[in-house]
Amino acid sequence: MQISSRFTIAVHILIFINTFEETRKVTSDFIASSVNVNPVIVRRLLLQLKAAGIVTVARGSGGASIARPLGKITLLDVYNAVECVGGGTLFHFHENPNPACPVGRSIHQILDGSLAQVQSAMEGELKKITLASLARTARPLVQPEK
């Protein structure tokens, strides 16, 4: 199982916006040059982050900015904004286990509790990390161009 790159790209976008929003207009093209993806991907993620109240985006080439204090945005907020997990569950269960098989008809009872526990643990860890802490880590590593 692997979480899609939407999550790490979204975090990259947010750190990028935080780094440059005071000195430059942060457009999807500008962000895409750092992430090294098509600007359309950046625009889609920005829309999801905007819908979650994490960023604001001005129409046209107005640029993006962070909508809330970085200390109030957790990795779980970002994950929930962009990952689009079906029904709020991290693990996608195979559709049609064989009801005639004793394992097939019982697999949900066997796995559901454990998978919910794993998801809860992951979400708990993501909730502990704020964008403010990541920005502090980033600050000495990045030197914005003026």
List the atom of Gly104, the atom of Pro97, and the distance in Å for their closest heavy-atom pair. O-CB, 3.3 Å
Could you tell me the separation between the CD1 atom of Ile107 and the SG atom of Cys101, rounded to the nearest 0.5 Å? 9.0 Å
If hydrophobic clusters are built from ILVMFWY residues whose side chains come within less than 4.5 Å, do Leu126 and Val118 share one? yes
Which value, rounded to the nearest 0.5 Å, describes the distance between Asn38 atom CG and Arg44 atom CZ? 8.0 Å
Check the pair Thr27 / Ile31 against side-chain contact (heavy atoms from CB on, under 4.5 Å), numbers first and verdict last. CA-CA 6 Å; Thr27 65; Ile31 296 167; over 6 Å; no
Examine distances only and state if a side-chain atom of Ser106 and a backbone atom of Pro102 form a donor-acceptor pair shorter than 3.5 Å. yes
Nearest heavy atoms of Arg43 and Asp29, plus distance in Å: NH1-OD1, 4.1 Å
How long is the straight-line distance from CD1 of Ile9 back to NE2 of His12, given to the nearest 0.5 Å? 9.0 Å
Closest non-hydrogen atoms of Ile17 and Ser65, given as atom of the first, atom of the second and distance, are CG2-CA, 3.7 Å
Say you draw a straight line from CG of Leu111 to CD of Gln109; how long is it, rounded to the nearest 0.5 Å? 11.0 Å
Answer whether the closest heavy-atom distance between the side chains of Phe16 and Val11 falls below 4.5 Å. no
Inspect the contact between Asp77 and Lys127 and indicate whether a charged nitrogen and a carboxylate oxygen are less than 4.0 angstrom apart. no
Closest non-hydrogen atoms of Leu45 and Ala10, given as atom of the first, atom of the second and distance, are CD1-N, 4.3 Å
What closest approach, in Å, do Ala64 and Leu46 show between heavy atoms, and which atom pair accounts for it? CB-CD2, 4.1 Å
For a 4.5 angstrom cut-off between non-hydrogen side-chain atoms, does Leu70 reach Thr130? no
Same cluster for Ile13 and Val40 if Ile/Leu/Val/Met/Phe/Trp/Tyr side chains link at under 4.5 Å? no
With Glu21 via salt bridge (Lys or Arg N to Asp or Glu O under 4.0 Å) - residues at least two apart: none
Compare every heavy atom of Ala81 with every heavy atom of Ile54, then report the nearest pair and how far apart it is. CD1-CB, 4.1 Å
Pick from Thr19, Val78, Leu75: which one makes a side chain to side chain contact (heavy atoms under 4.5 Å, CB included) with Leu14? Val78
Under a 3.5 Å distance rule, please check whether Ser33 uses its side chain to pair with a backbone N or O of Phe30 as donor and acceptor. yes
Calculate, to the nearest 0.5 Å, the distance between atoms CD1 and CD1 belonging to Ile73 and Ile129 respectively. 14.5 Å
Taken to the nearest 0.5 Å, the spacing of Ile15 CD1 from Ile66 CD1 works out to 7.5 Å
